[in-house]
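See structure below.
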Amino acid sequence: METILSIRNLSVSYYTDEGEARAIRNLSLDVEKGETLGIVGESGSGKSTLALAIMGLLQPPARVKTGSIYYKGRNILSMQGEEIRKLRGKEIAMIFQDPMTSLNPVKKIRDHFIEYITEHMENIDEHKALEIARKMMKSVGISEERLDDYPHQFSGGMRQRVMIALALALNPNLILADEPTTALDVLVEAQILELVKRLKNEFSLTLILITHNMGVVAEMADRVAVMYCGRIVELSKTEELYKNPKHPYTKGLIESIPLLYNRSRKLVSIPGHPPDLRNIPSGCSFHPRCPYAFDKCMNVEPELEKKEDGRYVACHLY
Ligand SMILES: Nc1ncnc2c1ncn2[C@@H]1O[C@H](COP(=O)(O)OP(=O)(O)OP(=O)(O)O)[C@@H](O)[C@H]1O
Ligand code: SF4
Ligand SMILES: [Mg+2]
């Protein structure tokens with residue numbers, strides 16, 4: 001297995017008048033080439049912050065406090081200007097939850113393609129860029145005539161297809177999809193996920209799929225990283241995680257699957273609320289909600305450790 005992305009001891013905080021929100025806390029993670037890695041966790045657990053950090057897109061009030069993110073051996077966090085711009089799009093591309101926020105409403109789809117492609121590729125003219133655009137539209141199942149349409153002329157699902165086509169236009173290796181289907185109805189969601197699966201194989205992609213939907217991860221991911229309060233609390237092969245969740249929080253997530261299929265945004269089956277990131281509980285940050293918590297949990301933060309069975313769990317019970 002070749003490691004394509006290697007995150008080491010990453011800490012990211014948002015600094016606001018209300019204080020420091022510790023969105024990512026000392027997180028380490030390896031992503032293997034060709035895999036689909038699911039990242040799950042409740043709202044506010046730091047998933048999008050992690051994605052933005054990988055893209056080198058974090059903006060104030062966010063600040064990287066510590067750590068490195070190596071992509072093919074080069075640290076993204078120490079890249080600047082042209083170097084990071086070249087990485088984005090050509091090596092790593094991102095698909096967001098709401099395509100409308102990344103598409104310009106007064107620009108035709110063709111112009112989005114032309115701009116995106118000519119900005120990132122040297123020595124390419126509009127004609128060649130359009131050729132790529134046509135090919136990509138075909139790949140995602142949209143007729144090329146629709147390149148002349150504006151974003152609002154597409155349905156939500158079609159718009160997400162366009163975004164996927166754009167993301168793949170420069171032939172990147174790694175795709176970060178942040179809740180790509182959350183805004184869509186169940187039927188369209190299934191179609192988009194099917195498309196992503198197909199394209200992943202066709203283009204030999206590595207995929208990081210961020211979602212709060214355990215059902216989606218079960219269907220798509222080879223491995224799953226479970227985030228809680230800015231940390232990974234469990235990391236396992238998907239099948240093992242679902243059959244035999246170890247971390248008490250993962251157990252709660254798995255039990256909530258039927259609820260998630262009802263498309264509830266909240267994991268209501270886990271009692272209590274996610275902690276305030278400006279005031280994270282001592283010891284294991286899950287302890288106020290954990291049915292198994294004991295003395296040590298209140299004082300000592302468990303590290304994410306590889307166990308005998310090859311699973312990674314951050315819990316004093318293991
Ligand atoms: N622009 C911001 N300013 C201040 N704090 C922020 C900002 N964005 C995020 N945060 C803080 O970082 C935490 C993590 O946010 P993030 O968006 O990474 O969570 P998430 O797991 O993607 O949640 P969701 O499932 O809702 O998308 C938030 O709970 C919040 O405290
Ligand atoms: S370390 Fe303790 S509080 Fe945290 S998940 Fe494990 S048992 Fe629960
Ligand atoms: Mg998010």
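All ligand and atom numbering here is 1-based and tracks the order in the structure. Residue indices begin at 1 and follow the sequence shown.
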When you check the space around the Mg ion (ligand 3), which protein N, O or S atoms turn up under 2.8 Å? Ser48 OG

Closer than 4.0 Å to some heavy atom of Pro61 - which atoms of ligand 1 meet that? 3 (N)

Under 4.0 Å between a Lys/Arg side-chain N and an Asp/Glu carboxylate O for Glu42 and Arg289? yes

Ala23 heavy atoms within 4.0 Å reach ligand 1 at atoms 12 (O)

Could you check Tyr116 against His120 for ring pair (Phe, Tyr, Trp, His ring centres under 6.0 Å), going step by step and ending with a plain yes or no? CA-CA 6 Å; Tyr116 187 62; His120 287 85; 5.0 Å; yes

Using a strict threshold of under 4.0 Å (side-chain N to carboxylate O), is an ion pair present between Glu115 and Lys107? yes

Check Asp111 with Lys108, please: is the shortest side-chain N to carboxylate O separation under 4.0 Å? no

Nitrogen or oxygen atoms of Thr16 and ligand 1 under 3.5 Å apart: no

By number and element, which atoms of ligand 1 are closer than 4.0 Å to a non-hydrogen atom of Ser45? 19 (O), 21 (O)

With salt bridge (Lys or Arg N to Asp or Glu O under 4.0 Å) as the rule and sequence neighbours excluded, what pairs involving residues 50-70 come up? Glu20-Lys65

Side chain Arg88, main chain Met55, donor-acceptor under 3.5 Å: yes

Taking only residues two or more places apart in sequence, or in another chain, which ones meet Pro61 in a side-chain contact (heavy atoms from CB on, under 4.5 Å)? Tyr14, Thr16

Taking Lys86 first and then Glu122, would you say they form a salt bridge - that is, a charged N and a carboxylate O separated by under 4.0 Å? yes

Polar side-chain atom of Asn75 near backbone of Ile69 as donor-acceptor pair, under 3.5 Å: yes

Under 4.0 Å to a heavy atom of Glu42 - the qualifying atoms of ligand 1, by number: 21 (O)

Lys307/Glu305 ion pair, N-O < 4.0 Å: yes

By number and element, which atoms of ligand 1 are closer than 4.0 Å to a non-hydrogen atom of Thr49? 14 (C), 15 (O), 16 (P), 18 (O)

Atoms of ligand 1 close to Gly46 [distance to a heavy atom under 4.0 angstrom, numbered from 1]: 14 (C), 18 (O), 19 (O), 20 (P), 21 (O)

Relative to Tyr292, does Lys251 satisfy both conditions: NZ or CZ under 6.0 angstrom from the six-membered ring centre, and within 45 degrees of the ring's axis? yes

Heavy-atom count around Glu82 CD within 6.0 Å, excluding the residue itself: above 12? yes

Counting from 1 in the order shown, the ligand 1 atoms closer than 4.0 Å to a non-hydrogen atom of Ser48 are 17 (O), 18 (O), 20 (P), 22 (O), 27 (O)

Sub-2.8 Å protein N, O or S atoms surrounding atom 8 (Fe) of ligand 2: Cys290 SG

Is there a donor-acceptor pair closer than 3.5 Å between any side-chain N or O of Ser11 and the backbone N or O of Asn26? yes

